[in-house]
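Here is the structure we will look at.
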Amino acid sequence: MITEEGNRGSMDRRAFGATGREVSLLGYGCMRFPVRDGVIDAERATKLIDRAYTGGVNYFDTAYFYHEGQSEPFLGEALSAYPRGSFFLATKMPYWDVKKPGDVETIFYHQLERLKTDYIDFYLMHAMNGTNYDRMIRFKGYEFFERMKAEGRIKHLGFSFHGTLTDLRRMIRNHAWDFAQIQFNYLDYEEQRADLQYQLLTDAGIRVIVMEPVRGGALAVLCPEAVEILRKAAPDKSVASWAIRYAASPENVLCVLSGMSNEEQLADNLGTLSDFRPLSERENAVLQDALYAYRKSKTVRCTACRYCKDCPQAIDIPEIFRLYNDFVLTGDRKALRNAYRPIPPRQNAAACLACGKCSGVCPQSLDIPAQLKQIASVIGFIRPAPSK
Ligand code: SF4
Ligand code: SF4
């Protein structure tokens, strides 16, 4: 029977501050549900949510624009099958959509409606960096959410972060936060200074929620040499499980989000974070060897978050990066050629106008036009020579 306490399964949980409530170590990231004909495959995605819930997952993280606005209403419907007090809902305020006074309020009440709830457990200021933080201040977002907290419409206030260390220090110094969500994985630990972000938050007494532990799937694939190192050390463990365990190992981590798109990923993550064991010193050393091997491969560090979806040329940027990364990792020219051929010329890598619109919104700070230019030249190079 499912009670207000929920269904624990064998999932590990961590206590959240003085609330006495416990959050499952695995959280469901709701930006990568299975899709059919451009919309969330509701039947399959509902089964995934049900399986996660019965496996002990009690934290569900969505956002206003995930799946182009479909994620919140879908999640509200899927979770309405369970007692409201038995799970935690997290969603976020997109300040880039806030254009005038009153928009913060309008979006927030729309979110409550979409999610079929009268309160949000963990409310986040979305994708904070210097620019979005300034917008939050300008539109008095923090004051509004403090009021919502006092009224019980949100329980805990935090932010997800894609800025610089200076931005983070400023946010911690100027406002009080209950939690923060950062990109934390063994690749970004140094590359995006996730180590220092984690330390700053921990020193400030702010709990950490991890996003992108598998870096949009890249750390589930790696490269053949790195995979071999991990397989040799633990033949029965998936490559992704190393990344999940790495992210869950630090004590100040409350929950590790994974944007699970299929049943295999969910089963693997449930297994990894049930009866959880942090990485040992020896396992950490193995992981560093695998990382060293992976760093030698020159893949594009895209997480497929789709923040760059509004390209005026309608270029599917993450898909082109995915095809290219597959090629870099496998060296399979024929597969790249076959996969790339159906893309219409007006939407392929060479069609980029270098307008820069995408780079301005990329949380990974990728120089997208430069990457596309380089990919266009590689693809041009591997095209079969004309017969005459
Ligand atoms: S720089 Fe290129 S890929 Fe990016 S938005 Fe402009 S046209 Fe699209
Ligand atoms: S290029 Fe950047 S914004 Fe676009 S999907 Fe990849 S990581 Fe996200």
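Order of appearance sets the numbers: ligands from 1, and atoms from 1 within every ligand. Bear in mind that the values here come from a model prediction, so they are computed numbers and not experimental data.
- Note that NZ of Lys296 is 8.0 Å distant from SG of Cys223, once rounded to the nearest 0.5 Å.
- Remark: Arg21 does not engage Asp121 in a salt bridge, criterion side-chain N to carboxylate O under 4.0 Å.
- With respect to atom 4 (Fe) of ligand 2, the closest heavy atom belonging to the protein is Cys308 SG, 2.3 Å.
- Every atom of ligand 2 with a heavy atom of Arg306 under 4.0 Å away is listed here by number and element: 5 (S), 8 (Fe).
- Judged by a 6.0 Å distance limit and a 45° cone about the ring axis, Arg114 is positioned over the six-membered ring of Tyr64.
- Residues His175 and Tyr133 bring their aromatic ring centres within 6.0 Å.
- Ion pairing of Lys47 with Glu263 is absent here, as no side-chain N (NZ or NE/NH1/NH2) approaches a carboxylate O to less than 4.0 Å.
- Under 2.8 Å from atom 6 (Fe) of ligand 2 lies an N/O/S atom of Cys302, whether from backbone or side chain.
- The atoms of ligand 2 that sit less than 4.0 Å from any heavy atom of Cys362 are 2 (Fe), 3 (S), 7 (S).
- Without hydrogens or angle criteria, Lys99 side chain to Trp96 main chain gives a donor-acceptor distance under 3.5 Å.
- For ligand 1, the atoms sitting less than 4.0 Å from at least one non-hydrogen atom of Pro369 are 1 (S), numbered in the order shown with element in parentheses.
- Atom 2 (Fe) of ligand 1 has as its closest protein heavy atom Cys352 SG, 2.4 Å.
- Under 4.0 angstrom from ligand 2, there are no non-hydrogen atoms of Cys358.
- The residues Arg245 and Glu283 are annotated as salt-bridged, a charged nitrogen and a carboxylate oxygen being separated by less than 4.0 angstrom.
- Remark: distances from the non-hydrogen atoms of Pro363 to ligand 2 include one below 4.0 Å.
- What sits closest to atom 7 (S) of ligand 1 on the protein, heavy atoms only, is Leu353 N, 3.3 Å.
- In summary, the atoms of ligand 1 found under 4.0 Å from a heavy atom of Ile317, numbered by their order in the structure, are 3 (S).
- Electrostatic pairing of Arg138 and Asp134 does not count as a salt bridge here, judged by no charged N lying under 4.0 Å from a carboxylate O.
- Every atom of ligand 1 is numbered from 1 in the order shown, and the set under 4.0 Å from a heavy atom of Leu372 is 3 (S).
- Here Cys311 meets the criterion, with an N, O or S atom under 2.8 Å of atom 8 (Fe) of ligand 1.
- Shortest contact from atom 1 (S) of ligand 2 to any protein heavy atom: Ile368 CD1, 3.5 Å.
- Considering only non-hydrogen protein atoms, atom 8 (Fe) of ligand 2 sits nearest to Cys305 SG, 2.3 Å.
- Between Ile120 atom CD1 and Met93 atom CE the span is 10.0 Å, to the nearest 0.5 Å.
- By the 4.0 Å N-to-carboxylate-O rule, Asp61 lies close enough to Lys92 to be salt-bridged with it.
- Look at Asp316 and Arg306 and you find a salt bridge, because one of the NZ, NE, NH1 or NH2 atoms lies within 4.0 Å of a carboxylate O, short of that distance.
- When non-hydrogen atoms are compared, ligand 1 lies under 4.0 Å from neither the backbone nor the side chain of Asp310.
- Between His67 and Phe33, the distance separating the two ring centers is shorter than 6.0 angstrom.
- Scanning the protein heavy atoms around atom 6 (Fe) of ligand 1, the nearest turns out to be Cys355 SG, 2.2 Å.
- The contact set between ligand 2 and Phe321, taken as ligand atoms under 4.0 Å from a residue heavy atom, comprises 1 (S).
- Within ligand 2, the atoms closer than 4.0 Å to a non-hydrogen atom of Gln364 are 7 (S), numbered from 1 in the order shown.
- Only the backbone of Ala354 comes within 4.0 Å of ligand 1, counting heavy atoms alone; no side-chain atom from C-beta on gets that close.
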